[in-house]
Amino acid sequence: MSSNDEYSDNEYYDEEDEDVYDMEDDGSASEMELDGTADYDPSRPSRKLYEVDYDTLTQEDVGRLMIADVENISGIFGVDPDIASLMLRWADWNKEKLIEKYMDNANAVSVAAGISPPEKAPEGRSQSSSSRQNALGPRRSSARRGAQDSVKSGKTKLMERISPPIEDAKFVCPICFDDTQTETLALPCEHKFCKSCWDAYITSKVRTEAESRIACMGEGCSLIAPDQFVRSALEDSETWERFQELLVRHFVSEMPNLKYCPYPSCTHTVSCPSATKSSLATTVPIVNCGASTTHSFCFGCNVDSDHRPVICAVAKMWLQKCRDDSETANWIKSNTKECSKCQSTIEKNGGCNHMTCKKCKYEFCWVCMGPWSEHGTSWYNCNRYDEKASVDARDAQSKSRASLERYLHYYNRWANHEQSKKLSVELYAKTEKKMEEMQVTSELSWIEVQFMKKAVDEVIKCRTTLMWTYGMAYYLERGNEKELFEDNQRDLERAVEDLSELIESPFDPEVIKTLRQKVTDKTVYVQKRNEIVLEDTAKGFQEGRWIWNVPVAGLD
Amino acid sequence: MTSTRRLQKELMDIQTNGTPVGIKLLSADDFQTWYFSIEVLGETVFAGEQFALKFRFDQQYPISSPAVQFVVDDKYKAPEHPHVYSNGHICASILGSEWSPVLTVIAVCVTLQSMLASCKKKERPVGNDRYVLHAPDNPKKTRFEYHDDTV
Ligand SMILES: [Zn+2]
Ligand SMILES: [Zn+2]
Ligand SMILES: [Zn+2]
Ligand SMILES: [Zn+2]
Ligand SMILES: [Zn+2]
Ligand SMILES: [Zn+2]
């Protein structure tokens with residue numbers, strides 16, 4: 001168990017310490033401080049160095065952007081909005097490209113976008129005018145298309161052989177052969193099917209294939225169903241909504257300054273024009289979709305978590321490295337280890353790294369398996385890989401082993417924080433139980449025991465930072481800058497482990513007030529240490545202070 | 001669900017109009033699994049060989065494609081064709097992305113027959129052994145990359 005004395009050499013902490021003890025029984029001041037820094041608001045004017053400007057959009061907001069583009073094109077080309085929309089989707093919402101192609105050959109665009117069927121033979125009419133008509137007007141009155149279709153291939157001929165004979169009065173749908181179906185629908189190609197088959201087909205496309213491009217069911221037909229058609233075919237309004245969501249997703253994916261929230265079933269979008277490709281060399285654009293505080297993600301890459309402080313390119317490289325080496329490193333991830341003293345198996349069931357063997361009472365560090373006593377007093381450098389010592393000790397022949405060991409040093413710590421984070425669900429549950437207990441055994445109200453939950457929030461947040469600092473440190477060139485980085489990392493790690501241990505230890509109702517003060521103080525301290533790591537690393541990127549031991553994509 | 005009525009209609013059609021040359025219905029005992037025999041006529045590398053096709057239908061047929069494969073057992077082998085794996089799975093876009101609900105069982109048979117007929121050299125697809133080792137039971141679960149659009 002660590003005590004406050006351990007930190008007596010730390011200026012920062014001492015300051016805090018005094019502040020807090022001055023307000024002894026109040027305590028609310030430091031909790032207010034907690035609230036103030038727990039979340040960040042993108043609209044807040046005083047943006048921190050490690051934050052970026054962005055906007056959040058709902059699905060309706062994005063829908064309005066789409067409508068603006070559609071109306072724009074619809075006006076320029078003089079076509080129905082539904083037709084303009086199909087053209088825009090075909091052009092991946094690139095208006096300039098669409099206008100250029102359309103001016104060049106309107107007919108070709110209309111065919112390529114699946115609006116009018118390709119005309120093989122002129123059949124005496126002017127080609128362009130007839131397909132233009134298709135594009136604009138409603139369904140053509142039954143033209144003689146059968147002959148044209150059948151010349152295509154033997155397959156089609158065969159299919160027609162088994163098709164029902166065409167009677168004038170009764171329509172038999174060629175898909176379900178249900179002659180009781182009275183409602184039919186067809187695109188301008190005149191491939192007529194019953195409404196319920198269209199419904200089943202569109203539903204299957206939208207629901208199981210997540211496809212918003214609904215091609216005609218006719219064999220080899222490439223016409224695309226416009227929105228009004230889709231809407232009229234669908235019985236189920238949920239499928240129609242899902243269809244619209246797919247359209248929005250497609251639009252967002254084509255816009256470089258927009259990104260869809262990656263969290264399951266979330267429909268918010270973030271706009272972050274400042275996150276340009278070149279900006280990614282110096283900033284980490286972590287954004288939040290605005291639907292929930294947990295919906296944070298990186299605008300610059302596909303890593304779905306907050307990977308600050310390290311930039312996207314290095315984060316990506318590190319994840320790839322971990323994937324490539326996962327087999328060699330797998331054993332570390334395992335949830336159990338043997339006590340190095342008595343060899344009994346120990347299972348890690350909380351987030352704290354201070355382990356005590358139930359059998360022999362040996363206290364050790366889960367990460368390095370070294371005795372905890374060394375950590376407690378001088379904080380033996382658990383976070384820093386002693387490169388020199390290990391390289392010197394080995395001859396050239398075992399260099400690859402040394403490089404694996406070097407990797408494992410960082411990976412081990414990375415995986416450990418990740419593991420602890422994964423156990424956070426249980427930690428929250430345990431903490432909640434504790435908070436209930438506290439209310440029963442002490443005078444504290446529900447609001448007053450919230451300090452526990454805040455502490456857990458902070459620990460989990462900081463473990464994310466710590467994880468990525470190990471990914472970053474692995475690629476940092478040895479030298480003064482790296483040492484300073486690792487000093488900050490160590491200070492944060494030590495503070496986090498300390499707080500983590502404090503919130504997991506059994507509490508004594510007698511000294512609940514003291515505990516509350518202690519936890520609150522330490523939470524504030526951890527917050528500050530995290531700020532320091534994030535700020536200083538961000539500053540380092542802007543100053544070009546970080547030197548890498550490998551080439552990093554996008555940096556030169 | 002549409003599948004039963006539609007399959008009834010297809011079966012009736014086969015019974016009244018017969019099947020195209022080289023294609024015979026082996027069994028259609030229910031509306032889940034049908035078997036056909038298939039021969040390639042004329043000048044072909046498969047002259048004199050007979051294959052069997054197995055069709056499996058789900059409730060969504062014909063909105064969703066049938067699962068089609070060549071039968072591989074004591075009696076039948078999969079044709080040695082660059083789009084046919086030795087376990088009978090077939091890499092043909094018509095059974096996947098190009099499937100259309102207006103296609104029929106017979107249309108699929110005819111397409112596969114012409115796929116075999118156009119084959120010049122007997123060989124297995126690249127990576128046959130690796131695929132067969134890990135292939136799912138249902139070929140529809142495989143995401144094939146279609147090697148050429150003529151099939
Ligand atoms: Zn129908
Ligand atoms: Zn059509
Ligand atoms: Zn979200
Ligand atoms: Zn990123
Ligand atoms: Zn022990
Ligand atoms: Zn350690």
Side-chain angles (χ1 to χ4, degrees), chain A residues 145-146 149-150 152-165 172-181 184-187 189-211 213-223 225 233-234 239, chain B residues 1-23 25 31 36 41-42 57-66 92-115 117-118 140-141 143 149-151:
Chain A
R145 297 205 49 81
D149 281 348
S150 61
K152 259 183 18 201
S153 70
K155 287 179 279 188
T156 322
K157 246 183 253 160
L158 191 108
M159 205 196 69
E160 284 182 355
R161 181 175 64 76
I162 73 143
S163 291
V172 180
C173 170
I175 289 171
C176 62
F177 285 95
D178 186 343
D179 55 9
T180 64
Q181 296 287 341
T184 64
L185 291 168
L187 288 167
C189 56
E190 293 293 327
H191 294 130
K192 205 197 263 182
F193 307 102
C194 79
K195 186 167 173 269
S196 87
C197 279
W198 273 113
D199 189 1
Y201 172 72
I202 296 171
T203 302
S204 136
K205 285 273 168 202
V206 170
R207 295 264 170 169
T208 53
E209 292 175 42
E211 178 64 80
R213 215 174 153 272
I214 312 291
C216 171
M217 288 191 282
E219 193 206 351
C221 184
S222 53
L223 286 211
L234 289 175
T239 308
Chain B
M1 287 298 125
T2 53
S3 72
T4 307
R5 192 197 305 262
R6 161 71 181 253
L7 285 166
Q8 250 164 358
K9 165 71 189 168
E10 285 193 45
L11 193 57
M12 218 173 71
D13 211 82
I14 289 166
Q15 279 155 355
T16 29
N17 298 325
T19 47
V21 195
I23 295 164
L25 177 66
F31 295 118
F36 287 84
L41 305 159
F57 311 99
D58 61 23
Q59 287 289 295
Q60 294 298 313
Y61 179 82
I63 298 298
S64 79
S65 63
S93 58
I94 190 185
L95 301 174
S97 64
E98 295 292 306
W99 169 257
S100 159
V102 294
L103 289 170
T104 62
V105 171
I106 291 297
V108 170
C109 288
V110 171
T111 307
L112 294 177
Q113 191 184 39
S114 71
M115 175 187 94
S118 64
K140 279 186 76 177
K141 297 216 171 88
R143 270 197 167 266
D149 290 337
T150 59
V151 189

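Letters go in sequence order (proteins before strands), and every chain restarts at 1.
Residue B:I63 comes nearest to A:M217 through the heavy atom pair CD1-SD, 4.5 Å, listed as atom of the first residue, atom of the second, then distance. Minimum interatomic distance between B:R5 and A:F177 (heavy atoms only, all atoms of both residues): CD-O, 3.4 Å.
The structure places CG of B:L103 at 10.0 Å from CD1 of A:I175, a figure rounded to the nearest 0.5 Å.
Taking A:F193 as the reference, A:W198 meet the ring-ring contact (aromatic ring centres under 6.0 Å, His included) condition, with sequence neighbours excluded. Among residues two or more places apart in sequence or in another chain, the ring-ring contact (aromatic ring centres under 6.0 Å, His included) test is passed with B:F57 by B:W34, B:Y61.
Heavy-atom pairs under 4.5 Å with chain B peak, among A:S204, A:A215, A:G218, at A:G218.
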